[in-house]
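Working notes, beginning with the structure itself.
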Amino acid sequence: MGRPPKYSSDQILDTAQLLLAADGIAGLSVTRVADRLGAPSGSIYHRFGSRDLLVASLWLRAVSDFQNALGPALGEPDAVEAARAMAQQIISWARTNPLSAQVLMLHRSTDLLDGEWPVELVERSRTQRSRVEQMIGDLCNRLGAVTTAERRRVVFAVIDIPYGAVRSSLSTGDVPPPEIDAIVDDAVTAVLDPLDPHDSTKDSP
């Protein structure tokens, strides 16, 4: 039997994440990851066949963690409360996982890659995109958001508002301050107000 690998895939990805946070896209390379770990570059390439495969794996891991964190919020039986909880959970996840949040909220996957999306991970990426589209689609349906404008309103409320609220802190390596929770909640509630299914006056002439 061969010796077990000295570093796990998660340890390699954690190191890549640290380098991205410290030095930006230009500082993220297989050589620098290997140097930081004290491992030969060949061992990194053995696990991840290219820099793009390493970076794409880092991105997909962050997306998976993010989506898993949203599940409990969307389980709220009331649609408006689910939307408010989703926005708050995005802030909470960013506080708890600041480096992963930096990967997703400060960069686009295409900006991180040197070339095309690695073929090995295309299907996994599609599955993750479908999952978040289903999450948003289900929430839109529960809120009665039917038109393109109404659905865009939901996306703005539950994604754009909390993303914007935490992005400035993440860009400076800081934790999002506690006072933004109430501000985001007020903003989300106001944006969703025209869709509130509990307000019977919305149907009044």
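Predicted model only: the values in this text are computed from it and were never measured.
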Run L112 and L20 through side chain to side chain contact (heavy atoms under 4.5 Å, CB included) and show every step you take.
CA-CA 9 Å; L112 296 173; L20 179 63; 3.9 Å; yes
Those residues at least two apart in sequence (or on a different chain) that pass side-chain hydrogen bond (donor to acceptor under 3.5 Å, both in side chains) with D174 are T172
Side-chain donor or acceptor of R95 paired with backbone N/O of P177 under 3.5 Å:
yes
* Any sub-3.5 Å donor-acceptor pair from Q88's side-chain atoms to D181's backbone N or O? -> yes
With no hydrogens and no angle check, do the side chains of S57 and R61 hold a donor and an acceptor under 3.5 Å apart? no
| request: Please tell me if the side chains of N68 and R131 come closer than 4.5 Å, counting only heavy atoms from C-beta onward. | output: yes
From the list L106, L99, V175, L104, side-chain contact (heavy atoms from CB on, under 4.5 Å) with L170 holds only for L106
Output a table of donor-acceptor pairs, distance under 3.5 Å, between side-chain atoms of residues 28-39 and any protein atom two or more places apart or on a different chain; print 'none' if there are none.
{"residue": "S29", "atom": "OG", "partner": "R32", "partner atom": "N", "Å": "3.1"}
{"residue": "R32", "atom": "NH1", "partner": "D23", "partner atom": "OD2", "Å": "2.7"}
{"residue": "R32", "atom": "NH1", "partner": "G27", "partner atom": "O", "Å": "3.0"}
{"residue": "R32", "atom": "NH2", "partner": "D23", "partner atom": "OD2", "Å": "3.0"}

- Side-chain heavy atoms of D138 within contact of L74, under 4.5 Å: no
Any side-chain to backbone donor/acceptor pair from D52 onto P118? Under 3.5 Å, distance only. no
- Query: Where the side chain of R47 meets the backbone of Y7, is there a donor-acceptor pair that is under 3.5 Å apart?
  - Reply: yes
Taken to the nearest 0.5 Å, the spacing of S169 OG from I180 CD1 works out to 6.0 Å
Would a single hydrophobic cluster contain both I183 and M105, if residues Ile, Leu, Val, Met, Phe, Trp and Tyr are joined by side-chain heavy-atom contacts under 4.5 Å? no
Separation between CH2 (W93) and CG (L70), nearest 0.5 Å, reads 9.0 Å
Any side-chain to backbone donor/acceptor pair from S125 onto L121? Under 3.5 Å, distance only.
no
Item to complete: Would you check if the side chain of T15 reaches a backbone N or O of Q11 as a donor-acceptor pair within less than 3.5 Å?
Response: yes
One pair to check against side chain to side chain contact (heavy atoms under 4.5 Å, CB included): N141 and R151. What are the steps and the verdict? CA-CA 9 Å; N141 292 337; R151 288 176 174 264; 2.7 Å; yes
_Whether D160 and R167 form a salt bridge (side-chain N of Lys/Arg under 4.0 Å from carboxylate O of Asp/Glu) is what I want to check._
no
Heavy-atom donor-acceptor pair, N97 side chain to S100 backbone, under 3.5 Å: no
(request) Find out whether V154 and R142 are in side-chain contact, i.e. whether some heavy atom of one side chain is under 4.5 Å from a heavy atom of the other. (result) no
>> Salt bridge check, R153 against E150: does any charged N sit closer than 4.0 Å to a carboxylate O?
In response: no
Look at the side chain of Q17 and the backbone N and O of L58, then say whether any donor-acceptor pair between them is shorter than 3.5 Å. no
- prompt: Has the side chain of D193 got a donor or acceptor atom that lies under 3.5 Å from a matching backbone atom of T189?
  reply: no
Item to complete: Measure the shortest side-chain to side-chain distance between I159 and I136 over non-hydrogen atoms and say whether it is less than 4.5 angstrom.
Response: yes
